[in-house]
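Some notes on the structure that comes next.
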Amino acid sequence: MPANSLEQVRNLCMRRGFVFPGSAVYGGVASFWDYGPLGVELLNNIKKAWWQDTIYTRNDMEGLDAAVLMSRKVWQHSGHEATFGDVLIENRKNNRRHRLDHLLLDQDPKLLGELLERSAPTWDPSDPQIDNLAQFCGSWLRHHDGQDSKVGFSYGLESIQRIAQLIKKGNSPVTAANFVFLLTNLAVRKQLAVGVLNEVGIIDPTTGEVGDWLQPRRFMGMFVTHAGPVQADPGTEEELASRVYLRPETAQGIFMNFAHVQRAMARKVPFGVAQIGKAFRNEITPGNFIFRTREFEQMEIEFFIKPPQFVKEGEKNDQQWHEEWVEQRFKWWLRYATSPSATLEERDATASRFRARAQTPDELAHYAKATTDIEYLFPGSLGWGEIEGVANRTDFDLSAHSKDVPEEDLKRLKLEPNHDSTEKLDYFDPDAKARYIPWVIEPSAGATRAMLTFLCEAYHDEVVTEPTKQQIDQIKSDAAMIRKNAEKKIKEAQKEIAAGREAKHDPATVEAFLNLLDETVSRLPESLTEVLTALDHEGAQNLEPVKKFRPPTEKLVEDCTRTVLRLHPALAPVKLAVFPLKKNKPELVELAQAIKERFQRHFRVVYDDSAGIGRLYRRQDEIGTPFCITVDFESLEDGTVTVRERDSMEQERVKIDDLPAYLLPRLQGE
RNA sequence: GCGGGCGUAGCUCAAUGGCUAGAGCAUCUGCCUUCCAAGCAGACGGUUGUGGGUUCGAGUCCCAUCGCCCGCUCCA
């Protein structure tokens, strides 16, 4: 059985050097994780497997590694700047979030004037944004009234009040959009009090009623930085001129290079470009270990295909390409989630934890016609989580970045003409004898999520030494004692509740715990580890006998079980471990080290002699090392060693000279 | 960001507001012909997440802050 909680995997990762909390020396920083010695091996192996499977073993793919930082225009035209940088406001009545600017534009303009008028007295004059607003108001007034610039530019509530009055009269000197922009900015700087916002009665368009609004906040999905060492004030022209974003997806780097790759490699559509790289998103709610982080790694393919109108009979259209990619990618996940030693039942069980799910129309991103998510059933409360999205992005992106796109296409894609672009990202199809902007299918996987997926699926706590009858009886009698005590507590709690007082225990959860405990205890010995997890049930909290019962059970579980990562050998961070049976015999040590050195150029192999042989095996099991080699006294005589396989724990005597032929196919998962 | 829980050695956990904060495991150093945890001896390891406060005295009580976990949001 794979991991039954993320906590187990998290623990193993931190203990054995897969993942460490970022900036730990300074107390850590949320959502950033460092990949340790084994983590980087695992992650590299995942990326290598993906790269080989998507590029080397196909005839229609090329690789790319584009810069993380790109022109800000990329993100303006891709639509990310608009959709990733919203000021949102939440309605407490129905917990719905709205973009503040959209919400304000929906309101009666008179209400905006009132909002301005009422909130003005609460402003902090030292905030530069207020000064900014005053200046804008001044210049607008000057425009409107033809007043002398001197008056208008000076800071003062008068000009703002006057603007507010004009707006209320329906005689606004500014466009609603300009005004909303300023209000939005004020709101972000907490200069638009929630009280005032609620006083004027902002209407929630979803209900048509006045909402109960929380303080608006900016949710900037993209990380902002600046190309150039000069720092400028946020929002100023100078700042905007040097502003660049850390990419929220690697895909745009591929779109930027579509024509380069096509020309340089003389490719004909259909062909694809693959890229692995870091991406950054200022997630509203990061969490669940490395599942949702603000810095993560993507493995993305943009597969360029003919637009539907050029598809000939017998050729795949966009839907068919989409389906094929979903199928290809789904197979890939199953392949690496399964250990070659898995039984048919185990393979079925693994397959049942993966699914492909078509997104509903309201889930779709702004660029997608259709998206199928590949999801994995993560342990515990995380549940089904997306590990890859296969999207049909049509010609949205290439058109968005192209100049001179025909009007009807812009209309279809809901795009504005691009006057910044210097190129049209189209392609002359010699076969169709036509020039077109290709469509694209995008299988986009999370590399760091893949790591978590494979770890969860590979994690196994196995009972390897059966506990004695005496030990099992002990557990049974302890469990009976727990039940006796807990039932007493339940009765007490029921009395308290009947008397209208607060009870220490919730009878229903305690009862649930007892049932779980009984059920697991009844299936001993194979349910040994489950008995231990049952003790973590919330109904087990504050029960004295549980506290007593826990340590000996923990000890027993530790003694009788091994933790093994049944990783696909291609992914295993360490492929081979070599031990001398006795570390105080120099001949054994020397031979073992020589074997280690023989393989170390080809894959990651470790030498270890710092514990007894049993412990050395368990250490390697825990990190998923597929094979261990032990050098013993016999080895010195006949040149054979013991090869021990991880999953079956079976041992085979192999000649040292035959090791490469023995190991290589097995390490490839054959 | 809001609500709930947690934070003591590398890990798992002890310590009625009261002596120099303990134990097991792990790690390291010796000794040992032990192939699936556990042989023996010794050593290392802590400003109790951080910063304030209450107190004669704080790991323990209060406040703030940071981090993690669980819910609400999402999408690789």
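Throughout, a chain's letter reflects where its sequence line sits, starting with A, and its residues are numbered from 1.
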**OP:** Report which part of the nucleic acid A:R615 touches: base, sugar-phosphate, or nothing (heavy-atom distance under 4.0 Å, all strands).
**Re:** sugar-phosphate

Original post:
If we take the C1' atom in both B:G10 and B:G46, what is their distance in whole Å?
Top reply: 12 Å

Original post:
Which part of the nucleic acid does A:E386 contact within heavy-atom distance under 4.0 Å: base, sugar-phosphate only, or nothing?
Top reply: base

Subject >> B:C61 and B:U48, which share atom name C1', separated by this distance in whole Å >> reply: 15 Å

Original post:
What interatomic distance, in whole Å, is found between C1' of B:G39 and the corresponding atom of B:C70?
Top reply: 44 Å

Original post:
Hey, does A:Q651 reach any base, or is it just sugar-phosphate, or nothing, if we go heavy atoms under 4.0 Å?
Top reply: base

Subject >> Nucleotide B:A76, atom C1' - distance to CZ of A:R247 in whole Å >> reply: 13 Å

Subject >> Inter-nucleotide P distance (B:A21, B:G59), Å rounded >> reply: 10 Å

**OP:** Would you mind reading off the distance between A:F32 atom CZ and B:C68 atom P, rounded to a whole angstrom?
**Re:** 10 Å

**OP:** Give the nucleotide from the list B:C35, B:A37, B:C68 with an atom nearest to the side chain of A:R618.
**Re:** B:A37

Original post:
Using purine N1 to pyrimidine N3 plus N6-O4 or O6-N4 for Watson-Crick, or N1-O2 and O6-N3 for G-U wobble, both under 3.5 Å, which nucleotide pairs with B:G42?
Top reply: B:C28

Original post:
If you measure from the P atom in B:C63 to the same atom in B:G3, how many Å do you get, rounded?
Top reply: 14 Å

**OP:** Could you please name the option among B:U33, B:A76, B:C35 that lies closest to any side-chain atom of A:T630?
**Re:** B:C35

Original post:
Starting at CZ of A:R357 and ending at P of B:A76, how long is that distance when rounded to a whole Å?
Top reply: 12 Å

Original post:
Would A:T630 and A:R644 count as having a side-chain donor-acceptor pair, cut-off 3.5 Å?
Top reply: no

Subject >> Watson-Crick or G-U counterpart of B:G51, or none if no pair lies under 3.5 Å >> reply: B:C63

Original post:
Atom CG of A:L588 to atom P of B:U34: distance rounded to whole Å?
Top reply: 12 Å

Subject >> Spacing between A:K585 atom NZ and B:C32 atom P, to the nearest angstrom >> reply: 7 Å

**OP:** Please state the C1' separation for the pair B:G5 and B:A9 - nearest whole angstrom.
**Re:** 24 Å

Original post:
OP1, OP2 of B:C68 versus side-chain N and O of A:N288: anything below 4.0 Å?
Top reply: no

Original post:
Roughly how many Å is it from CD in A:E295 to C1' in B:A76, rounded to a whole number?
Top reply: 14 Å

Original post:
Is there a Watson-Crick or G-U wobble partner for B:U33 with both distances under 3.5 Å, and which nucleotide is it?
Top reply: none

Subject >> Sugar-phosphate only, base, or nothing, as touched by A:L581 at under 4.0 Å among non-hydrogen atoms >> reply: base

Original post:
Is B:C13 paired to anything, Watson-Crick or G-U wobble with both distances less than 3.5 Å, and if yes, which nucleotide?
Top reply: B:G22

Subject >> Residue mapping more 5' on RNA chain B - nearest nucleotide basis, A:S444 or A:M649 >> reply: A:M649

Original post:
Syn or anti: how is B:U34 classified when any glycosidic angle within 90° of 0 counts as syn?
Top reply: syn

Original post:
At under 4.0 Å, does any side-chain N or O of A:N11 touch on OP1 or OP2 of B:U12?
Top reply: yes

Original post:
Considering only the C1' atoms, how many Å lie between B:G49 and B:C68, rounded to the nearest integer?
Top reply: 11 Å

Original post:
A:R562 has an atom CZ; how far is it from atom P of B:A37, in whole Å?
Top reply: 11 Å

**OP:** Give one of base, sugar-phosphate or nothing for A:D632, where a contact means two heavy atoms less than 4.0 Å apart.
**Re:** base

Original post:
Which part of the nucleic acid, if any, lies within reach of A:S31 when heavy atoms closer than 4.0 Å are counted: base, sugar-phosphate only, or nothing?
Top reply: sugar-phosphate

Original post:
Per the atom types in the model, does the base of B:C69 pair as donor or acceptor with the side chain of A:E7 at under 3.5 Å?
Top reply: no

**OP:** Provide the Watson-Crick or G-U wobble partner of B:C68, both distances under 3.5 Å; none if there is no partner.
**Re:** B:G5

Subject >> Pair A:D608 + A:R619: basic N to acidic O under 4.0 Å >> reply: yes

Original post:
Got a donor-acceptor pair under 3.5 Å from the side chain of A:R292 to the base of B:C74?
Top reply: yes

Original post:
Within the structure, does a side-chain N or O atom of A:R281 lie under 4.0 Å from either OP1 or OP2 of B:C74?
Top reply: no

**OP:** Please confirm whether any donor atom in the side chain of A:R644 sits under 3.5 Å from an acceptor in the base of B:C36, or the reverse.
**Re:** yes

Subject >> Salt bridge present between A:R393 and A:E249 (N-O < 4.0 angstrom) >> reply: yes

Original post:
Picking from B:C68, B:U33, B:A76, which would you name as closest to the side chain of A:E388?
Top reply: B:A76

Subject >> d(CZ, A:R619; P, B:U27) in whole Å >> reply: 4 Å

Original post:
Which part of the nucleic acid, if any, lies within reach of A:G446 when heavy atoms closer than 4.0 Å are counted: base, sugar-phosphate only, or nothing?
Top reply: base

Original post:
Hey, do the aromatic rings of A:F289 and A:W33 have their centres closer than 6.0 Å?
Top reply: yes

Original post:
Using 30° and 60° as the class limits, which term best fits the ring planes of A:F354 and A:Y376: parallel, tilted or perpendicular?
Top reply: tilted

**OP:** Test the A:R449-A:F291 pair against the cation-pi criterion, namely NZ or CZ under 6.0 angstrom from the six-membered ring centroid and within 45° of the ring axis.
**Re:** yes

Subject >> Non-hydrogen atoms of A:L455 and A:C13 that approach each other most closely >> reply: CD1-SG, 3.6 Å

Original post:
Quantified in whole Å, what is the C1' atom distance between nucleotide B:U8 and nucleotide B:G45?
Top reply: 14 Å

**OP:** Using a heavy-atom cut-off of under 4.0 Å over every strand shown, decide if A:F579 touches base, sugar-phosphate, or nothing.
**Re:** nothing

Original post:
Does a side-chain N-to-carboxylate-O contact under 4.0 Å join A:K585 and A:D609?
Top reply: no

